[in-house]
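Report on the structure given below.
Start at 1 with the first residue, then count along the sequence. Atom set for the values below is all heavy atoms of this structure, side chains included, hydrogens, waters and symmetry mates excluded. As the structure lists them, so they are numbered: ligands from 1, and atoms in each ligand from 1. Note that this is a predicted model, so its numbers are computed, not measured.
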Amino acid sequence: MSKINTVLGPISPEQLGVTAMHEHIGFGLPGCDLDPQWWTPRHQMLEVTIEKLSRFREHGGQTMVDCTGIGTGRDIPYWQVISRATGVNIVACTGFVAGDSALPYFRNKSIEYLADLFYHEITVGVEGTNVKAGAVKVGVSRGGLSELDERIYRAAARAARATGVPILTHLSVEADRQMDLFEMEGLSLDRVVIGHSDMGMGADIERDYRIAERGAYVGYDTVGYDTEKGTPEQPAPYWSRPREERLDHVMTFFEKGYEKRAIISADANCWPLGWKSVNHSVNELFEVFIPDLKEHGLDDRIIELLLVETPAKLLTMQDPQPNLVKAAKQAVTQG
Ligand SMILES: [Zn+2]
């Protein structure tokens with residue numbers, strides 16, 4: 001049976017609807033929750049988060065993939081409260097945002113260990129719950145793909161093959177190497193989104209064409225981090241980009257005929273943990289970016305493809321190849 005794991009249990013592909021593929025309830029580096037400077041009463045965070053996701057629902061949004069991963073703010077019971085209150089399906093990720101934000105405990109672990117960990121979170125549950133992850137998050141550390149990043153990539157590929165969930169990446173720098181790693185582990189690139197390809201830093205349309213040609217998906221998923229939003233008191237983050245420049249980039253990709261090889265999302269935090277964000281939310285998609293795309297001539301059929309059809313294709317779990325992971329073998333022998 002075709003299904004997608006969410007924090008409230010499995011759903012069918014038809015229940016996904018309009019899906020934001022790369023979002024966060026709240027991302028923060030490990031330890032930020034202990035810093036009194038950033039400590040916020042939970043009810044205040046909850047109120048703001050519910051307000052944003054209720055608006056997402058009013059815009060027709062039905063599902064968000066939370067790309068936070070292990071140890072950087074992922075909180076299943078909290079997310080369940082939010083999902084129930086708003087009616088938004090939340091898909092949790094296993095994996096790490098990048099090696100440099102992984103908890104130190106995991107930094108020396110082998111590929112096999114990490115593959116087992118991800119596999120467990122997809123097939124048994126996350127953090128002692130019975131909630132199963134629906135995707136794997138991996139990423140490039142600041143300064144480039146590290147040896148740890150490469151271990152995580154290979155482990156993610158094994159877990160993805162063994163379970164049929166997709167992989168979403170943080171950053172599209174060294175995209176070819178990222179894709180090589182997945183292919184070396186036998187993962188078909190049509191299970192992969194190379195994320196943050198619309199970021200100002202390192203934007204490269206030729207690279208995006210290559211991602212599409214090799215069969216992966218381009219993540220135009222930092223929509224709304226516009227340079228113009230920065231103020232002297234609250235400068236725009238370094239990954240921001242002028243709004244018009246991002247639009248031109250994305251439209252050029254679509255005009256080249258690659259609309260079937262992309263997803264759009266905002267990489268927004270409902271409540272960032274341990275850092276300040278400029279005025280930004282997932283609703284930027286509906287309130288600014290999609291109207292901009294339409295104004296540039298993109299038709300509704302393509303918007304439907306970007307928000308509904310392609311996310312469903314990616315998130316629906318494929319037939320697993322479970323003999324690839326040690327945990328899988330153990331699960332079989334233990335009956
Ligand atoms: Zn993100």
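Look at H24 and the Zn ion (ligand 1): an N/O/S atom of the residue is under 2.8 Å from the metal. For a distance bound of 2.8 Å, the N, O or S atoms of H22 include one lying that close to the Zn ion (ligand 1). Taking 2.8 Å as the criterion, E23 does not count as a coordinating residue of the Zn ion (ligand 1), since none of its N, O or S atoms falls below it.
Remark: the D198 side chain and the H249 side chain contain no N/O donor-acceptor pair separated by less than 3.5 Å.
A cation-pi contact, defined as under 6.0 Å to the ring centre and within 45° of the axis, is absent between R241 and Y225. Stacking of K256 on the aromatic ring of Y209 is recorded, both the 6.0 Å distance cut-off and the 45° axial limit being met.
Between the T129 side chain and the V126 main chain, a donor and an acceptor come within less than 3.5 Å of each other.
Take the N/O/S atoms of D267: the one nearest the Zn ion (ligand 1) is OD1.
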